[in-house]
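Here the structure comes first, spelled out in structure tokens, and everything after it is commentary.
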Amino acid sequence: MEKWPALAWVLLLSQIADWLKHVQSRDFTVKDIIYLHPSTTPYPGGFKCFTCENAVDNYECNRWAPDFFCPQETRYCYTQHIMDFSGESIAVTKRCVPLEDCMHTGCKDSRHEGQKICISCCEGHICNLALPRNTTDAVFSTTSPINKTERQKHHMTTVMMCIWILWFLIT
């Protein structure tokens, strides 16, 4: 009768060891990078962007991008991609920016013959992984409303409702 509990423990431990082997060998993915633990931010809502200045291509930009949080006065990740006539990268610039820098996204032909410049902006933790290559990619994508007053008005309504409910429960 004592053999069964020992056998059950051996089977359980072998299952756990097999599970740990798979967990430890897993490579990081884009989702892993994006969903980093939020408590590590230096301020509420802190985020990171890939940052580089005139890198030769996207790989070099992302590979050597310094790992630091964006300044608190910024809210978006900006990407500028300069290409030649065949679509090959000439220069890549990525950085953290305020709203004003994201108001002119899209693609346009450069003054230099045969060059095209595409600019995109996004909101979110290291959301500027990919490069804009055409007008479909060169967009301003946000996860929250740009107009802050509407969001603050909704937040204030929620706070007032909570205060009213608390007052009702106390009295």
Side-chain angles (χ1 to χ4, degrees), residues 19-112 114-156 158-159 162:
W19 176 74
L20 286 175
K21 218 183 317 179
H22 292 292
V23 170
Q24 291 174 347
S25 66
R26 184 172 164 232
D27 289 335
F28 282 105
T29 65
V30 174
K31 279 188 176 181
D32 294 326
I33 294 170
I34 293 172
Y35 294 110
L36 292 174
H37 195 273
S39 68
T40 61
T41 62
Y43 53 87
F47 67 100
K48 295 179 181 181
C49 296
F50 284 106
T51 56
C52 63
E53 192 72 34
N54 294 322
V56 294
D57 61 19
N58 197 40
Y59 176 77
E60 289 301 311
C61 178
N62 293 347
R63 180 178 179 196
W64 301 110
D67 188 23
F68 62 85
F69 282 91
C70 293
Q72 199 164 2
E73 65 274 5
T74 63
R75 185 171 167 192
Y76 304 100
C77 297
Y78 170 93
T79 302
Q80 177 185 15
H81 183 206
I82 302 174
M83 299 164 280
D84 64 14
F85 67 93
S86 66
E88 292 294 318
S89 296
I90 295 173
V92 175
T93 299
K94 296 182 179 186
R95 63 180 177 258
C96 309
V97 296
L99 175 64
E100 297 78 34
D101 291 1
C102 290
M103 300 313 288
H104 302 287
T105 58
C107 292
K108 63 181 179 183
D109 290 329
S110 174
R111 291 183 212 167
H112 295 81
Q115 290 184 356
K116 180 167 74 168
I117 301 173
C118 291
I119 297 172
S120 66
C121 281
C122 57
E123 179 183 25
H125 196 58
I126 34 184
C127 60
N128 62 339
L129 181 66
L131 288 179
R133 296 187 171 276
N134 54 43
T135 54
T136 305
D137 301 334
V139 295
F140 181 18
S141 61
T142 64
T143 58
S144 60
I146 293 175
N147 187 351
K148 289 183 179 181
T149 57
E150 288 299 317
R151 186 173 53 182
Q152 288 173 346
K153 189 188 302 182
H154 175 69
H155 177 69
M156 193 61 161
T158 305
V159 169
C162 290

Run Cys52 and Cys61 through disulfide bond (SG atoms under 2.5 Å apart) and show every step you take. CA-CA 6 Å; Cys52 63; Cys61 178; 2.0 Å; yes
Between Phe140 and Thr105 the two heavy atoms that sit nearest each other are N-OG1, 3.8 Å
With rounding to the nearest 0.5 angstrom, report the CZ to CD distance, Arg75 to Glu100. 11.0 Å
To the nearest 0.5 Å, how far apart are SG in Cys102 and OH in Tyr76? 7.0 Å
Please name the pair of heavy atoms, one in Cys107 and one in Ala138, separated by the smallest distance, quoted to 0.1 Å. SG-CB, 3.8 Å
Residues pairing under side chain to side chain donor-acceptor pair (under 3.5 Å) where one sits in residues 128-140, two or more places apart or in two chains, turn out to be none
Is the shortest side-chain heavy-atom distance between Thr51 and Phe68 below 4.5 Å? yes
For the side-chain contact (heavy atoms from CB on, under 4.5 Å) test, which of Val92, Thr93, Ile117 pairs with Ile82? Ile117
How about Cys49 and Cys77: are their SG atoms under 2.5 Å apart? yes
Can you confirm whether Glu60 sits close enough to Ser89 that some side-chain heavy atom of one is under 4.5 Å from a side-chain heavy atom of the other? no
Cys96 to Thr74 - nearest heavy-atom pair and separation: CB-OG1, 3.7 Å
Residue pair Glu123 / Thr143, side-chain donor-acceptor N/O under 3.5 Å: yes
Is there a side-chain contact between Lys48 and Asp67, using heavy atoms and a 4.5 Å cut-off? yes
Atom OG1 of Thr79 and atom CG of Asn58: how far apart are they, to the nearest 0.5 Å? 8.0 Å
With rounding to the nearest 0.5 angstrom, report the CD1 to NE2 distance, Ile119 to His81. 12.0 Å
Around atom OH of Tyr43, are there more than 12 heavy atoms of other residues, nucleotides or ligands at under 6.0 Å? yes
Rounded distance (nearest 0.5 Å) linking atom OH of Tyr78 with atom SG of Cys122: 12.5 Å
Please list all pairs meeting salt bridge (Lys or Arg N to Asp or Glu O under 4.0 Å) that have one or both residues in residues 83-97, counting only residues at least two apart or in different chains. none
Between Phe50 and Ala65, the two heavy atoms sitting closest are CD2-CB, 3.8 Å
For His125 versus Phe47, what's the shortest heavy-atom pair and its separation? ND1-CA, 3.5 Å
